[in-house]
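Owing to the predicted nature of the structure, the values given are computational and were not obtained by experimental measurement. Read the numbers this way: they start at 1 and go in the same order the structure lists the ligands and their atoms.
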Amino acid sequence: HRAKKGNQNYLFYSSEMNRRSLDRIKLEAELHHALDLNQFELFFQPQIDLPSKKVMGAEALIRWRHPQKGMIPPSNFIPFAEETGLIVAIGSWVLNEAISQIAEWKKAGLKLNRLAINLSALQFKPQLPDELGAILSYHKIPAELVELELTESLLMGNGQSTLLNQLHNSGFSLALDDFGTGYSNLAYLQHYPIDYLKIDQSFVQALPDNQHSAAIVRSIIDIATNLGLKLIAEGVETKAQADYLAQLGCHLIQGYYCYKPMSAENFTQLLIEQQGKENQD
Ligand code: C2E
Ligand code: MG
Ligand code: MG
Ligand code: MG
């Protein structure tokens with residue numbers, strides 16, 4: 001009797017596991033197809049200078065336009081793509097697409113100081129500078145227009161220092177994304193050629209009332225200022241948050257308070273409106 005019950009449990013778990021691994025196999029195949037069928041798309045979220053409210057740059061954020069499921073956010077497939085290694089191919093698509101978009105804006109006479117691109121740890125390999133170099137020269141775009149967003153955990157690997165210096169010396173800006181949520185080893189800031197800290201949205205969104213978050217944000221701004229690093233606050237949703245950050249000396253912000261991530265077409269329109277206005281001043 002006992003053995004039978006055990007067997008049933010075994011059968012239950014095993015079919016549950018089969019279902020899960022089937023889902024994963026299906027998702028992996030679909031992700032492969034998504035690349036071939038051009039189902040990925042980049043959205044762009046403006047980065048704003050305060051108080052001028054001028055668009056200084058943007059962050060490229062991937063979306064998956066699934067034929068049945070609609071628009072899928074990166075949180076639903078990037079972690080899986082990282083597990084399976086597919087992120088390397090997807091990441092290359094992102095680099096090509098983002099840089100070709102910079103070239104389009106340039107051709108249209110629209111100015112953008114920088115476009116930020118997110119990198120996964122698996123992409124952060126010795127061949128990256130050559131890959132980036134080839135894409136840039138194909139589109140005749142200088143590295144100075146590209147900011148690479150890295151995470152703190154990516155910096156933990158061996159030999160990352162050489163790669164960071166190589167990229168930095170080639171002209172790329174380097175930003176530490178989600179700052180304050182990872183290992184936050186301050187020694188990195190001293191030894192690595194980081195240009196920007198992006199204050200994580202979890203701290204920003206608790207401003208200005210949460211005393212702990214406010215203290216953390218003030219400390220991050222202090223460190224950045226003392227080390228000569230530039231700051232970007234992400235996830236700014238309210239005027240109160242924007243005012244608080246500006247008052248502390250963080251003048252670059254990104255968040256729903258200003259703009260949500262938008263299609264290339266809408267971002268192009270925004271640049272046209274803004275730069276048209278500028279010319280009338
Ligand atoms: P991230 O790089 O930290 O990007 C910021 C995320 O915060 C974006 O989510 C953005 O839409 C969202 N966000 C911006 N402003 C606000 C706000 O005011 N309120 C709230 N609640 N959220 C805001 P998204 O686009 O869903 O991307 C999520 C994450 O997926 C990114 O976090 C990044 O880690 C990853 N990701 C996106 N695109 C790529 C990519 O091309 N390559 C890689 N490797 N990762 C990517
Ligand atoms: Mg990012
Ligand atoms: Mg972030
Ligand atoms: Mg994040």
Side-chain angles (χ1 to χ4, degrees), residues 31 34-35 39-48 50 55 57-65 70-102 114-125 128 131-132 135 146-154 173-182 184 194-207 213 217 220 231-242 244-245 250 252-264 266-267:
L31 270 178
L35 268 178
Q39 291 173 352
F40 292 115
E41 187 171 329
L42 289 183
F43 267 41
F44 299 90
Q45 186 175 35
Q47 295 178 336
I48 303 299
L50 288 181
V55 176
E59 177 176 6
L61 295 158
I62 195 171
R63 304 286 181 262
W64 179 6
R65 203 182 278 279
M71 202 68 113
I72 304 181
S75 54
N76 288 11
F77 65 92
I78 291 287
F80 182 76
E82 285 175 337
E83 271 174 51
T84 56
L86 270 173
I87 191 65
V88 176
I90 296 174
S92 292
W93 178 86
V94 170
L95 294 176
N96 273 289
E97 183 70 13
I99 291 166
S100 100
Q101 191 60 68
I102 298 177
R114 282 175 340 273
L115 182 66
I117 304 175
N118 290 283
L119 285 183
S120 283
L122 282 178
Q123 292 175 270
F124 207 67
K125 292 280 138 68
L128 181 66
E131 181 182 8
L132 279 165
I135 302 170
V146 177
E147 179 175 318
L148 301 173
E149 291 197 3
L150 319 167
T151 54
E152 292 168 85
S153 58
L154 180 150
S173 293
L174 302 178
L176 264 191
D177 204 355
D178 306 335
F179 188 74
T181 60
S184 301
I194 304 294
D195 302 288
Y196 289 88
L197 294 187
K198 293 194 77 175
I199 308 172
D200 189 68
Q201 52 186 54
S202 59
F203 305 120
V204 171
Q205 281 166 12
L207 294 178
S213 296
V217 168
I220 294 175
L231 286 153
I232 304 174
E234 60 180 3
V236 178
E237 292 187 351
T238 66
K239 183 175 188 307
Q241 289 162 0
Y244 188 86
L245 287 158
C250 175
L252 268 184
I253 66 168
Q254 189 184 337
Y256 297 172
Y257 169 62
C258 299
Y259 302 98
K260 288 194 168 180
M262 59 185 86
S263 67
N266 287 341
F267 187 66

Which ligand 1 atoms are under 4.0 Å away from a heavy-atom of [X]?
X: G255; answer: 15 (N), 18 (O)
X: V94; answer: 41 (O)
X: E237; answer: 17 (C), 18 (O), 19 (N), 20 (C), 21 (N)
X: Q45; answer: 14 (C), 15 (N)

Practice task
Could you tell me whether the side chains of Q45 and E59 share a donor-acceptor contact shorter than 3.5 Å?
Solution key: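 Side chains of Q45 and E59: no pair found under 3.5 Å.
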
Measure from [atom] to every heavy atom in [options] and give the option owning the shortest one.
atom: atom 24 (P) of ligand 1; options: P74, A116, P261; answer: P74
atom: atom 25 (O) of ligand 1; options: Q201, R63, E149; answer: R63
atom: atom 22 (N) of ligand 1; options: Y259, F43, W93, Y256; answer: Y256

Between [X] and ligand 1, which part of the residue brings a heavy atom under 4.0 Å of the ligand: side chain, backbone, both or neither?
X: V236; value: backbone
X: K260; value: neither
X: K198; value: neither
X: I62; value: both
X: I117; value: neither

Exercise for the section: May I ask you to check if any N/O/S atom from E149 comes under 2.8 Å of the Mg ion (ligand 3)? Expected result: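 No - counting backbone and side chain alike, E149 has no N, O or S atom under 2.8 Å.
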
Practice task
Tell me whether D178 has at least one N, O or S atom under 2.8 Å from the Mg ion (ligand 3).
Solution key: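 So D178 counts as coordinating the Mg ion (ligand 3), yes.
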
Exercise for the section: Rounded to the nearest 0.5 Å, what's the gap from CD on E131 to CD1 on I135? Could you check? Expected result: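 Those atoms lie 5.0 Å apart.
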
Problem - L252 side, atom CG; L245 side, atom CG - distance, nearest 0.5 Å - result: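 Rounded to the nearest 0.5 Å, the CG-CG separation comes out at 11.0 Å.
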
Exercise for the section: Please state whether the rings of F40 and W64 are parallel, tilted or perpendicular, taking 30° and 60° as the class boundaries. Expected result: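 Ring orientation of F40 relative to W64: tilted.
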
Below 4.5 Å, heavy atoms only, C-beta onward: do [X] and [Y] meet side chain to side chain?
X: I232; Y: I199; answer: no
X: Y196; Y: E147; answer: yes
X: V204; Y: E234; answer: no
X: V236; Y: C258; answer: no
X: Q47; Y: R114; answer: yes
X: I62; Y: L42; answer: yes
X: L231; Y: F179; answer: no
X: Q123; Y: L148; answer: no

Practice task
Could you establish whether Q205 and ligand 1 come within less than 4.0 Å of each other, counting only heavy atoms on the residue side?
Solution key: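 So Q205 counts as touching ligand 1.
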
Handout entry: Heavy-atom gap G235 to ligand 1 smaller than 4.0 Å
Key =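 Yes, that is the case, since the closest heavy atom of the residue is under 4.0 Å from the ligand.
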
Practice task
Verify, without hydrogens or angle tests, whether E97 (side chain) and W93 (backbone) share a donor-acceptor contact under 3.5 angstrom.
Solution key: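 Here the side-chain-to-backbone pair does not exist.
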
Problem - Evaluation steps, side chain to side chain contact (heavy atoms under 4.5 Å, CB included), between L119 and V94 - result: CA-CA 9 Å; L119 285 183; V94 170; over 6 Å; no

When only distance counts, is [X] in polar contact with ligand 1, meaning an N/O pair under 3.5 Å?
X: E59; answer: yes
X: E82; answer: no
X: Q254; answer: no
X: Q123; answer: no

Exercise for the section: Using only N, O or S atoms, tell me which atom of D177 is closest to the Mg ion (ligand 2). Expected result: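 Sorting the N, O and S atoms of D177 by distance to the Mg ion (ligand 2) puts OD2 first.
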
Exercise for the section: Give the name of the N/O/S atom in E59 that lies closest to the Mg ion (ligand 2). Expected result: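 Nearest to the Mg ion (ligand 2) within E59's N, O and S set: OE2.
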
Handout entry: Heteroatom of E234 nearest to the Mg ion (ligand 3) (N, O or S, atom name)
Key =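 When I compare the N, O and S atoms of E234, OE2 is nearest to the Mg ion (ligand 3).
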
